[in-house]
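Note sheet for the following structure.
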Amino acid sequence: MEKDIAKILISEDEIRSRVRDMGKQITADYQGSSLIMVGILRGAVLFFGDLAKEIKVPLSMDFMAVSSYGDSTKTSGVVRIIHDLHQNIEGKDVLIVEDIIDTGLTLHYLIENLRSRNPKSIKTCCLLDKPSRRRANVTPDYVGFEVPDEFVVGYGLDYKELYRNLPYIGVLKPDIYAK
Ligand code: IMP
Ligand code: MG
């Protein structure tokens with residue numbers, strides 16, 4: 001697995017320290033209220049768990065799964081809900097937690113979809129941001145790191161469902177896609 005990685009972009013230590021800071025920021029912003037953290041399966045799971053431990057206000061956890069890339073590295077632009085929330089979010093403060101915002105089509109769809117359920121507020125939190133590829137007009141409220149236009153894996157992010165368990169964010173060797 002490690003031999004498929006061309007370079008490490010963001011180390012385990014850098015992730016840990018940035019996630020801690022994001023948790024502090026979110027704790028400060030939601031002081032006196034509670035929130036529903038909505039994790040987007042499956043890429044956000046590692047980030048979601050680590051971030052939740054750094055947020056010190058009452059919260060509940062829920063999850064959604066949407067189809068985005070399938071098995072390819074190119075987005076289809078078509079977003080479909082595969083697993084929906086268990087909770088009713090009406091009147092609640094919702095924080096969407098995503099692994100990466102790339103074209104923004106996924107997050108745009110999710111925001112519009114959840115907004116129609118009349119929450120009190122919706123904010124978005126992405127570990128990674130690839131701003132150069134944006135197609136939808138979405139800016140996340142919280143971003144961990146900006147990344148260049150390279151396909152990244154690790155810490156929840158996959159290529160063909162592999163590499164999610166790497167503890168860092170890395171760039172795959174190009175010959176891996178060519179296979
Ligand atoms: P968007 O709709 O183009 O913003 O795509 C968002 C989704 O695409 C993310 O939730 C990821 O699952 C996936 N994605 C985008 N870029 C990458 C990448 O570099 N590595 C792994 N997954 C990615
Ligand atoms: Mg994802």
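Every number for a ligand or one of its atoms is a count from 1 in the order of the listing. Model, not experiment: these values are computed from the prediction.
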Closer than 4.0 angstrom, basic N to acidic O: yes or no for K123 and D93?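 Salt bridge: no.
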Quick test of your reading of the model: are D84 and R117 salt-bridged, counting only N-O distances below 4.0 Å?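 Judged by the 4.0 Å cut-off on N to carboxylate O distance, D84 and R117 do form a salt bridge.
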Mind checking whether [X] has a heavy atom under 4.0 Å from ligand 1?
| X | result |
| --- | --- |
| H108 | no |
| D99 | yes |
| G43 | no |
| D158 | yes |
| R133 | no |

Heavy-atom distances under 4.0 Å are what count here, so tell me which part of R135 touches ligand 1: side chain, backbone, both or neither.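 No part of R135 is near ligand 1 at this cut-off.
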Sub-3.5 Å N/O-N/O distance, G104 and ligand 1: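 N/O-N/O distance under 3.5 Å: yes.
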Residues E98 and T106: side-chain donor-acceptor under 3.5 angstrom: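 Judged by distance alone, the side chains do not pair up.
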Would you find a donor on one side and an acceptor on the other, under 3.5 Å apart, between the side chain of D4 and the backbone of L172?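 Between the backbone of L172 and the side chain of D4 there is no qualifying donor-acceptor contact (under 3.5 Å).
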Using atom types as modelled and distance alone, determine if a side-chain donor or acceptor of K130 lies under 3.5 Å from a backbone N or O of T103.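 The answer is no, because no donor-acceptor pair under 3.5 Å joins these two groups.
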So for atom NZ, which belongs to K173, do other residues, nucleotides or ligands contribute more than 12 heavy atoms lying within a distance under 6.0 Å?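 Result for NZ/K173: enclosed.
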Show which atoms of ligand 1 fall inside a sub-4.0 Å distance from at least one heavy-atom site of [X].
| X | value |
| --- | --- |
| E150 | 19 (O) |
| K130 | 16 (N), 17 (C), 18 (C), 19 (O) |
| T106 | 1 (P), 2 (O), 5 (O), 6 (C) |

Could you name the option among T103, L110, L128, L157 that has the heavy atom nearest to atom 1 (P) of ligand 1?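 Heavy atom nearest to atom 1 (P) of ligand 1 belongs to T103.
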Where do P119 and L114 come nearest, in terms of heavy atoms and distance?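 Closest heavy-atom pair between P119 and L114: CD-O, 3.2 Å.
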Residues two or more places apart in sequence or in another chain: which of them pass salt bridge (charged side-chain N to carboxylate O under 4.0 Å, His left out) with K53?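 By the salt bridge (charged side-chain N to carboxylate O under 4.0 Å, His left out) rule, K53 matches D50.
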